[in-house]
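Contents: one structure, followed by commentary.
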Amino acid sequence: MDKNNLPQELFEPLEVEENTSEKISAPSRTFGQDARRTLFKNKTAMASLFVLIFIILLSLIGPKMNEYGYDDQDLSRAKMPPHVKALEGISWLGFDGTLSEKFEGKSVEDATRKAVMRFDNQEDFIDIQVLNEGVEGVGQAKVKATYRVYEAKDMQDTYFWLGTDNLGRDQWTRLWEGTQISLLIAVVAALIDLVIGVAYGGISAYYGGRLDNVMQRIIEILVGIPNLVIILLMVVILKPGILSIIIALTITGWIGMARLVRGEVLKLKGQEFVLAARTLGTANWKIILRHLMPNISGIIIINTMFTIPSAIFFEAFLSFIGLGLAPPAASLGTLINSGFDALRSYPYLLLYPAIIISVIMIAFNLLADGLRDAFDPKMHK
Amino acid sequence: MVRYILKRMMYMALTLFLIASVTFFLMKMLPGSPLKDTDDLTKAQEEMLLERYGLNDPISVQYAKYIGALVQGDLGTSFHFSNTPVTKIIKDRIGPSMQLGAQALVLGTILGIGLGLIAAVFHNGVWDYTSTTLAVLGISIPSFVFAGLLQWIFAVNLGWFPVALWGGFEYSILPTIALMIFPLATAARFTRTEMIEVLGSDFILTARAKGISEYAIVLKHGLRNALIPLITVIGPMAASLMTGTLVIEQIFAIPGLGEQFVMSVMVNDYPTIMGTTLLLAFLFIVIILVIDLLYGLIDPRIRVDGGKSS
Amino acid sequence: MEKLLEVKDLKVSFNTFNGEVQAVRGVTFDVLKGETLAIVGESGSGKSVATKSIMKLLPFPQAVIKNGEILFENEDLLKKNEKEMRRVRGKDISMIFQDPMTSLNPTMKIGNQIMEGIIEHQGVSKSEAMKKAIELLELVGIPNAKERVHQYPHQFSGGMRQRVVIAIALGCNPKLLIADEPTTALDVTIQAQILELMKTIQKKTDSSCIFITHDLGVVANVADRVAVMYAGKIVEIGLTEEIFYNAKHPYTWGLLGSMPTLDAQEEELTTIPGTPPDLRNPPKGDAFAPRNAYALKIDAEMEPPMFKVSDTHYAATWLLHENAPKVDPPPAVQERMKGFALSGAPEIAKEGEQS
């Protein structure tokens, strides 16, 4: 349109449509929708979620994917390396059913002899690769021996995907069985923390006064005790097992949640919308349910998500120092513990449980981070 | 201020007393007997041993004796190493643990702060992503997994460091790295978050509007304010170091307190377990107290309020 | 008079989660030497963003200056790099921020906070800077300045802190002082004191000032000229008297009508209906049209240009077009404008001065 030649009819008053002036231009979303949207947009958190779901599914179906049970002992097939049908052709993946190790000796023969001795004297199934001829009389010869275990035992058609442990138990089955138990312990412990913590913190803050005072003094003393000490003591006196680990983890674990919830409820309690509800004579349970819970649910979820990896860590830690599950039960911690015993010669026994526990911990932490961002109004731009 | 410290000390004493009592009674409830591994003793010999360690007295007498001795700094005598006082065992063992813990805490915190600072200053840049990733890995991967990885790569395969045991400084390098990864990651994360928040605050805008250099803004105005809250996570860090030493000393076969503790648990050596537990609790409580006092000293807002009330 | 600052067709956008927000959509104004220009507008009208771009203090990289020139003493600030900008900040142009509770570093003694800029720009020794800091504190009316320099911000009240912030801004005798709602976060009684202080200081130092506020009452007290901003644009600009006695833009009428005064007892306050537009996709025509009772059909089609009312007075409304129907301000606003013209300035901030 030409600025200097505007048609006259444009200068008539604009007929205002019904109430357009009060229209809110930006679409409105509830806090929950905003949180969900932020979470879904967070690629790392979503990837973590899928990884976790995948691991949980595997831990449920994994033990049933082959015919071996988690405590099927058979010493004749002890310490077999990983062997996977489709991948056995690719040697660097480590699924070809061979063990290799480097040996040093005075001469090549000496080193080879050591290798043969080490690998059950099965000379026919050992490939020797000379790495260093060594110097005559001085030594320092080095050879790399590759031992085709499955052929030596005439078990070419047997496939232990992740190998077997020192008692000949299938490591794949034990790995997922162990993951299942570790996750179970962590989730149950986190849920118990949640229930006790929310109840304690909520009651303490909501009713306040002398009750709050007494409850807080108790917490103040409990907080002073390092949870490591409590957990160790509890596991020492209780019989080793899933239940005792859960009890040990929860006996002080709820305190963090209780303090968090108390702080949050105290803050909310003084805010106008709660005062307004009170002024209108709303019942206590209704205020708690309708006004307080929705506002603290975010912080509870986030805290629980952080509790789970820490519980997984403590379970593994206890099993690792020998205070965890009794054999033959497996958890990620016991697997890692026995993996350490054979680290030099059979690193695969440590590798896979270590990878799984690390991945689980990373995924839970990232997901929890994502949730924290999602519940942070500052992130809802 | 003095009143506050006194009050805190009283809480401390009460907590320690409680822990001591609870530990004592829990130990008494233990299923195994301390003499279990000496099955071939005659009845008379066993009786003599029980008498010697005062295990035939009624529980209340044992308890009173225990607390009485504790007040005088006597933690009892080990069952396992006969005639060795627990205090001596602790004295012999605490050196490596302390060295490891101190190295890990100091190095981890300093490196962590640096990493967090870089991440915050180059917010959303490559450095930020690198350091955030490192921090997530450090917080997530259990220290024993990390220790195993280090041992396998740098000691077993590359042979750069001793695989295990305790000798000179080089023996402490791998365990220190394994142990410091958690404090490092925690400090990095915390510094980053705090720093980003501080850099977004109004007084940083005021400082920018003065035209002073970015360097002064980040270090003088930003870092100082970001570091004050960092003091609060030193407590959890110290706790994690205690947990860490238990496993890391196992993995690297270091003759420290942690290894001793695990061994004592295996052989039901009550006095040593109780002694070490009390020591850990004591250390932890002292650290928390020091942190609280430090916080008051460093933050001018708290300092002055404390001064008024005293 | 000579122009100290000229802002030409400034456009600033923010890249957010939900898309680009056009916070400032082509703003042109200038500041003469020694004068005070007030920029008035509601929250989100872009007044703060526009002035922060002058000092290039917008958050990077979310904020992008899309277009425009900012000439300070005939040099384009937008062409300067960060290092050159630092020599302008605090020395030639200073800024006073809204909330004195958060705009001081809580862990630094206030003396050091004042000295920092002085040492940076004037290269004086620490003791000289300290002397200057004490002088500045005395200038802004803080008693016991000698002891107060060694105190921390939390030992000061809100009003006292704002005086400290002003002292910091005055550190190097800036030629231009930008005050971003300096009284909004203060008690009404303190507001008047701070305004009075700013007026005196400006007279003493003969510096120019941009005064940002959403409160027309404050404007009448301090400003020589007024620019009214709405939805990222200046809709009316003129001498303070012209805006108060002879406003032409319906939005300015709305502001005048909604301003409480002491001498206007008989009428009710009017309100401006509705909310500002979403600046992620600003409307095609006049952004104020949906809230404007006097909107014309052309408002929905085309943005109004600036129409000249007098040499100093411009307004962006189609009502000033020769073809437009003659529209008078609402009677209530007319009453007020007449009232202002008679009594000089609206009496709003006076109550504070009495206390």
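Below, read A as the first sequence line, B as the second, and so on, with proteins coming before strands; counting in each chain starts at 1.
- With values rounded to the nearest 0.5 angstrom, A/S358 atom OG is found 8.5 Å from B/L149 atom CG.
- With a 4.5 Å cut-off on side-chain heavy atoms, A/F317 and B/L246 count as touching.
- Taking the side chain as every heavy atom from C-beta outward, A/M361 and B/V136 never approach each other to under 4.5 Å.
- A side-chain contact (heavy atoms from CB on, under 4.5 Å) with B/S140 is found for one member of A/I312, A/I357, A/N365 and no other, namely A/N365.
- For A/I362, the parts lying under 4.5 angstrom from a heavy atom of chain B are both the backbone and the side chain.
- Heavy-atom minimum distance, A/F313 versus B/S143: CE1-N, 4.1 Å.
- Around CZ of B/R93, the count of heavy atoms belonging to other residues, nucleotides or ligands within 6.0 Å exceeds 12.
- The contact between A/F314 and chain B is made entirely by side chain atoms (from C-beta outward), counting heavy-atom distances below 4.5 Å.
- Most heavy-atom pairs under 4.5 Å with chain B, from the set A/L350, A/L366, A/D369: that is A/D369.
- For chain A, the option among B/L137, B/L18, B/L16, B/V145 with the highest count of heavy-atom pairs below 4.5 Å is B/V145.
- Heavy-atom distances place the side chain of B/I251, and not its backbone, under 4.5 Å from chain A.
- Residue B/F282 places its CZ atom among 12 or fewer non-hydrogen atoms of other residues, nucleotides or ligands, all under 6.0 Å distant.
- If you measure heavy-atom distances from B/F261 to chain A, the contacts under 4.5 Å come from the side chain alone.
- Interatomic distance, CZ of A/R217 versus CG of B/L14, reported as 11.5 Å (0.5 Å rounding).
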